[in-house]
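Scope of the values below: all heavy atoms of this structure, side chains included, with no hydrogens, waters or symmetry mates. Numbers restart at 1 for each chain; the letters A, B, ... are given by sequence-line order, proteins then strands.
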Amino acid sequence: MMTERPLTRNIYPDRPPMNLKEYEQTGGYAALRKVCSSMDPAALQKLVQDSNLKGRGGAGFSTGMKWSLIPMDDKAARPKYLIANADEMEPGTFKDRLLLEGNPHQLIEGMILAAYAIQADIAYVFLRWAYHEAAALIRKSIQEAYDAGYLGTDILGSGFHLEMYLHTGVGRYMCGEETALLNALEGKRATPRAKPPFPQISGLFGKPTIVNNVETLCCVPHIVNNGAAWFKGLSYSEDGGTKVYGVSGKVKRPGAWELPMGVTMRELIEEHAGGMKSGYELKGVLPGGASTDFLTTQHLDIKMDYKSVAAAGSRLGTGTMIVLDSGTCPVGFVHNLQHFFAQESCGWCTPCREGLPWVEKILLALEKGDGKPEDIELLQMHTQFLGPGNTFCALAPGAMEPLQSALKYFMEDFEKHVEHKKCPYD
Amino acid sequence: MLSTTEKEAIDHEIGLVPHKRATVIEALKIVQQHRGWISDDSVEEIADYLGISPAEVDSVATFYNLIFRKPVGRHVILLCDSISCYVMGYKGLYAALQHKLHISFGQTCPDNRFTLLPNACLGCCDHAPAMMIDKDLYRDITIEQLDDILKKYA
């Protein structure tokens, strides 16, 4: 049986993405027509909730549930906003790029539908600065959508109005955190906001706002066209839909593939990525980006869905995995990650601002052969101090995930650095 | 003084948001696009135009990685130093670039041709190692290809 891959079916690596006409010929904007003529916002919210779509940005929160928290009565503050989080910057993650460059109209249709469901007035694509090709494509596609009457006033005669803008960032990992993203859109430093109030109540410019990941929004037109049961049926697990998975590192064929939610890690690495390059063995895997706990060879047969990866002690995250091979030093690997997190900490809260550079320095000392036995205890201590509940947002706790699991699975490597006073992989 | 072109571009952005202050990032991008970097004078001019303090503008300008508060060369090389590129050997590329250009991260060639900067994940981890020169993305780079790539930038 051919597995269905609705999100990437019309994406071809060697061809430019479909323009509006081609997109329409393959069924594009049919979902918007259907909704505009026969569904009220409440019905669309219910449909997405029934589909069991969960946020593909990393946190895995139910999309329908998120939408249901937005005020829908006549007294709701206006304008309401819908934002596509396209600030893909989790190291090791390259799935949204595929969707942005491969089928921009799919995202725009998903955004219009989401905006309809929450009755938003203004939509933004918050795009990573580095995605220059995507920026040009989205700008062009938004214009095409305006020209066709899918954006602007009284869309398809439904009485629904929506303006859509592209915002390109200027580089900061924090912009991916939804409240920091709102601050960035308001022209401020991308520091996180206290919750509550949640963005649904007081978001961009203090108005009701929903922020959804690119891949999440791209699922919406297909749910409308084919129904909640169909969407759930695409999956091998209780989470609905397909997932764009990715593998990078020393595998034979690194890449990204849309597959049923819940394929095993083994299938991804051994079949789709072609297994390890010759001369290298699999030592560990970050299953969903830089801020997820390591899993190892003993976990190869777990399903890559939210619940199964969590049960194994990690997170599905973005679903794009980074492979640690037998020739790469785990301490150096984790040092690289902590360098990133220390650099990208926004400085808003003390444990993150002070703790991450400390962790980075300890790891560097270990790598250089200057480590002391007590350094390992210090690292352990930081995984507690910077863990959940001690910081303002999820950046530092996320940074501690690969560190705490590296200490768990690769302790011998840490100890060897101290014992031999050098990196054993050099 | 902000030029007429710069002012017009900033005014366009002001028209899209509820208050002028929200355009600080856009204003910085616009001015940097015209002048290559953001000087102290640029900070003050933007602050004046938007009616906020220079310190406030600077707090934003210094927060974001791609706003340059120092002059940069004619071309900016952004070498990805994040995890997939680390595994796939960006350090070898960095050493080769240092050797060829005689500059390290954060420095500019004496003839102003290149500025070399480290950069967080460029989102093409399946084609690591990667780097970006100006707006051009290079993937699956080997040390042997560097000369040909650099040649394109005068």
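- Of the possible donor and acceptor atoms, none in the side chain of A:Tyr165 sits under 3.5 Å from a partner among the backbone N and O of B:Leu16.
- For B:Phe68, no part lies near chain A; criterion is any non-hydrogen pair under 4.5 Å.
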Might you work through the side-chain contact (heavy atoms from CB on, under 4.5 Å) test for B:Lys29 and A:Thr168, ending with a clear yes or no? CA-CA 10 Å; B:Lys29 277 158 65 180; A:Thr168 54; 2.9 Å; yes

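- No other option in B:Ile83, B:Val60, B:Ile25 has as many heavy-atom pairs under 4.5 Å with chain A as B:Ile83.
- Neither the backbone nor the side chain of A:Tyr173 comes within contact range of chain B; no heavy atom of the residue lies under 4.5 Å from a heavy atom of that chain.
- Atom OG of B:Ser82 and atom CD of A:Glu344 lie 8.0 Å apart (nearest 0.5 Å).
- In this structure, NE2 on A:His339 lies 12.0 Å from OH on B:Tyr86, to the nearest 0.5 angstrom.
- At least one donor-acceptor pair closer than 3.5 Å links the side chain of A:Asn336 to the backbone N or O of B:Asp81.
- Heavy-atom distances place no part of A:Phe341 under 4.5 Å from chain B, backbone and side chain included.
- At a 4.5 Å heavy-atom cutoff, the contact between B:Glu26 and chain A is made by side-chain atoms alone.
- Residue contact with chain B, scored on non-hydrogen atoms closer than 4.5 Å, is absent for A:Lys207.
- Between the A:Lys250 side chain and the B:Val87 main chain, a donor and an acceptor come within less than 3.5 Å of each other.
- Between atom CD of residue B:Glu13 and atom NE2 of residue A:His167 there is a gap of 9.0 Å, rounded to the nearest 0.5 Å.
- Contact residues of residues 90-98 of chain A toward chain B are A:Glu90, A:Pro91, A:Gly92, A:Thr93, A:Phe94, A:Arg97 (heavy-atom distance under 4.5 Å).
- Within the 4.5 angstrom heavy-atom criterion, atoms from both the backbone and the side chain of A:Phe333 approach chain B.
- Of the two parts of A:Thr320, neither the backbone nor the side chain holds a non-hydrogen atom closer than 4.5 Å to a non-hydrogen atom of chain B.
- The environment of CH2 in A:Trp348 is sparse: at most 12 heavy-atom neighbours from other residues, nucleotides or ligands sit within 6.0 Å.
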CA sep, side-chain torsions, deciding dist, call: A:Lys188, B:Glu56, side-chain contact (heavy atoms from CB on, under 4.5 Å): CA-CA 9 Å; A:Lys188 299 171 184 161; B:Glu56 225 174 321; over 6 Å; no

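- Few gaps surround NZ on B:Lys100; more than 12 heavy atoms of other groups in view lie less than 6.0 Å from it.
- For B:His127, no part lies near chain A; criterion is any non-hydrogen pair under 4.5 Å.
- Here the closest non-hydrogen pair linking A:Ala190 and B:Phe63 is N-CE2, 3.2 Å.
- What you find for B:Gly123 and A:Tyr131 is that their closest heavy atoms are CA-OH, 3.5 Å.
- A distance of 9.0 Å separates SG in A:Cys175 from CG in B:Asn65, rounded to the nearest 0.5 Å.
- Counting only N and O atoms by type, the side chains of B:His19 and A:Glu186 include no donor and acceptor under 3.5 Å apart.
- Interface residue B:Lys135: backbone and side-chain heavy atoms are both found under 4.5 Å from chain A.
- Both the backbone and the side chain of B:Ala120 come within contact range of chain A, with heavy atoms under 4.5 Å apart.
- Counted within 6.0 Å of OH on A:Tyr280, heavy atoms from surrounding residues, nucleotides or ligands total 12 or fewer; the atom is thus considered open.
- Interface remark: A:Arg253 contributes no atoms to any contact with chain B (heavy atom separation under 4.5 Å).
- For the set A:Gly169, A:Ala290, A:Ser248, A:Gly249, the entry with the most heavy-atom pairs within less than 4.5 Å of chain B is A:Ser248.
- Neither the backbone nor the side chain of A:Leu286 comes within contact range of chain B, judged by heavy atoms closer than 4.5 Å.
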